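The figures here come from the full heavy-atom set of this structure, side chains too, leaving out hydrogens, waters and symmetry mates. Quick caveat: nothing in here was measured; it's all calculated off a predicted structure. Order of appearance sets the numbers: ligands from 1, and atoms from 1 within every ligand.
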Amino acid sequence: MRVFSGIQPTGAKHIGNYIGAMRQYVTTQDEGDAFFCIVDLHSITVDYDPRDLHDRTLDLAALLYAVGLDPDRCTLFLQSHVTAHAEAAWLLSAVTGFGQLGRMTQFKEKGEGKEFVSAGLFTYPVLMAGDILLYETDIVPIGDDQRQHLEIARDIGQRFNARYGETFKIPRGVYPTVGARIMDLQEPSNKMSTTGGTTQGTVLVLDEPDVIRKKFKTAVTDSEREIRYAPDEKPGVSNLIEIMSVAAGRPIPDVEQAYAGKGYGDLKGDVGEAVVDLFAPMQARYKELRADEGELRRLLRVGAEKARQTSAPTLEQMYERMGFVRP
Ligand code: ATP
Ligand code: LTN
């Protein structure tokens with residue numbers, strides 16, 4: 001079984017990225033032949049600083065190894081190292097509807113109110129479809145906010161297959177059962193996000209222990225003072241229960257029961273502690289790995305070579321089926 005997912009090297013990664021995506025990468029690397037791609041090409045679709053992109057890319061590689069990706073059990077690589085991704089995006093744009101791209105929530109949200117909206121933000125999902133389809137992917141571990149992008153990737157693959165003959169395997173998204181959509185601790189009706197969220201409500205994987213504790217202590221809940229899991233009615237408390245469930249490795253009903261009759265303060269303090277414990281070993285490994293940039297670059301070169309070999313035959317088939325004269 002082929003696993004593929006992508007993650008952007010922009011901003012610092014938060015507990016939403018960890019629970020929604022990175023944690024699933026770690027488990028799926030043992031369930032199949034897994035490819036994880038740092039999608040640097042996607043990161044230039046919004047305003048960014050080149051120096052930042054450069055450093056954040058290496059930061060993210062170190063972080064992904066630190067949370068448990070093993071270079072011997074999966075392939076981690078940079079999207080820009082494998083030119084097939086950019087080529088596939090162009091070819092697939094021929095079978096992507098302009099109208100469908102305009103309906104993408106992310107395009108509308110990230111473009112809203114901006115003085116400059118890049119064409120890349122609009123065609124973003126085509127590049128993502130290519131990422132996935134090039135690898136004959138079966139499953140794509142992602143968070144809930146990527147559902148629409150996965151759907152359009154499937155549509156693009158199906159349209160190509162119908163127009164040019166069966167070429168792509170049509171992948172399926174897999175979402176975590178708990179924590180597919182972690183909410184901002186300060187604004188629990190919005191998803192936690194580096195680009196759109198509040199600083200105090202966004203818990204970073206690399207935040208200092210005291211910062212993590214403080215962010216949980218000041219989390220917004222409600223005035224009812226009853227600890228109960230009900231995401232629609234009680235988004236703040238339910239979000240804390242979900243995070244606790246993942247960090248402590250206990251099912252949601254267990255967590256609910258453990259706090260029945262207790263105060264919000266108890267829950268907030270304990271979730272903070274559980275998250276500090278969860279991230280502490282990863283933070284230590286991150287520091288070590290990030291210090292050896294030569295080794296990081298070497299591992300990424302090895303990953304890129306494997307990714308090139310795996311994606312090349314699919315790209316070649318695309319060119320051939322579309323009628324191009326090959327060299
Ligand atoms: P953001 O918009 O928060 O800055 P992103 O979603 O644009 O981040 P990535 O870092 O590429 O960009 O996301 C990586 C993965 O993390 C994706 O699979 C996405 O679904 C998941 N993810 C992002 N935010 C959350 C969240 N709040 N809860 C659960 N999963 C999330
Ligand atoms: N759009 C995704 C990142 C992404 C991705 C992919 C995810 C780019 N290509 C391929 C899965 C498969 C996001 O999380 N913002």
query: For the rings on F77 and H85, is their centre-to-centre separation under 6.0 Å?
result: yes
Cation-pi check, R326 onto Y319 ring (under 6.0 Å, within 45° of axis): yes
- request: Can you figure out which of I182, T194, V46 has its heavy atom closest to atom 4 (O) of ligand 1?
  value: T194
message: Run Y18 and L204 through side-chain contact (heavy atoms from CB on, under 4.5 Å) and show every step you take.
response: CA-CA 9 Å; Y18 176 74; L204 304 180; over 6 Å; no
task: Please identify which atoms of ligand 2 are closer than 4.0 Å to at least one heavy atom of Y124.
output: 1 (N), 2 (C), 3 (C), 13 (C), 15 (N)
query: Taking only heavy atoms of Q8, which atoms of ligand 2 are found under 4.0 Å from at least one of them?
result: 15 (N)
task: Of the side chain and backbone of L127, name the one, both, or neither that has a heavy atom under 4.0 Å from an atom of ligand 2.
output: neither
message: Using a 4.0 Å cutoff against the non-hydrogen atoms of I132, which atoms of ligand 2 qualify?
response: 10 (C), 12 (C)
- request: Please check if any side-chain donor atom of Q317 sits under 3.5 Å from a side-chain acceptor atom of T167, or the reverse.
  value: no
message: I'd like to check which ligand 1 atoms, numbered from 1 as shown, lie under 4.0 Å from a non-hydrogen atom of I142.
response: 18 (O)
- line: heavy-atom search around atom 11 (O) of ligand 1 in the protein gives Q8 N, 2.9 Å
query: Going by the order shown, which atoms of ligand 1 are within less than 4.0 Å of some heavy atom of G179?
result: 29 (C)
- prompt: Under a heavy-atom criterion of less than 4.0 Å, does K110 contact ligand 1?
  reply: yes
query: So, D70 versus Y65: side-chain donor-acceptor pair below 3.5 Å or not?
result: no
- prompt: Any idea which part of L150 is under 4.0 Å from ligand 2, heavy-atom wise: side chain, backbone, both or neither?
  reply: neither
message: Measuring from atom 13 (C) of ligand 2, which candidate in Q146, Q79, H85 has the nearest non-hydrogen atom?
response: Q146
message: Taking 4.0 angstrom as the limit and counting only heavy atoms of V140, give me the atoms of ligand 2 inside it, by number and element.
response: 11 (C), 12 (C)
message: Measuring from non-hydrogen atoms of M22 to any atom of ligand 1, is the shortest distance under 4.0 Å?
response: no
query: Does ligand 1 have any atom that is closer than 4.0 Å to a heavy atom of A180?
result: yes
- prompt: At a 4.0 Å threshold, what atoms of ligand 1 neighbour a non-hydrogen atom of A21?
  reply: 15 (C), 16 (O), 18 (O)
- prompt: Going by distance alone, is a donor N or O of one side chain under 3.5 Å from an acceptor N or O of the other, for Q24 and Y175?
  reply: no
Salt bridge present between R228 and E256 (N-O < 4.0 angstrom): no
statement: Of all heavy-atom pairs linking V67 and M282, the shortest is CG1-SD, 3.7 Å
Which of the ligand 2 atoms, numbered from 1, are nearer than 4.0 Å to a heavy atom of H42: 8 (C), 9 (N)
message: Quick check on I19 - does any of its heavy atoms sit under 4.0 Å from an atom of ligand 1?
response: no
- request: Within a distance under 4.0 Å of any heavy atom of S193, pick out the atoms of ligand 1 and give their elements.
  value: 1 (P), 2 (O), 3 (O), 4 (O)
field: Flag for D254-Q257: side-chain donor and acceptor within less than 3.5 Å
entry: no
query: Using a distance-only test with no angle check, is there a side-chain donor-acceptor pair under 3.5 angstrom linking D184 and T198?
result: yes
field: Contact partition for H14 relative to ligand 1, non-hydrogen atoms under 4.0 Å
entry: side chain
message: Taking 4.0 angstrom as the limit and counting only heavy atoms of K13, give me the atoms of ligand 1 inside it, by number and element.
response: 9 (P), 10 (O)
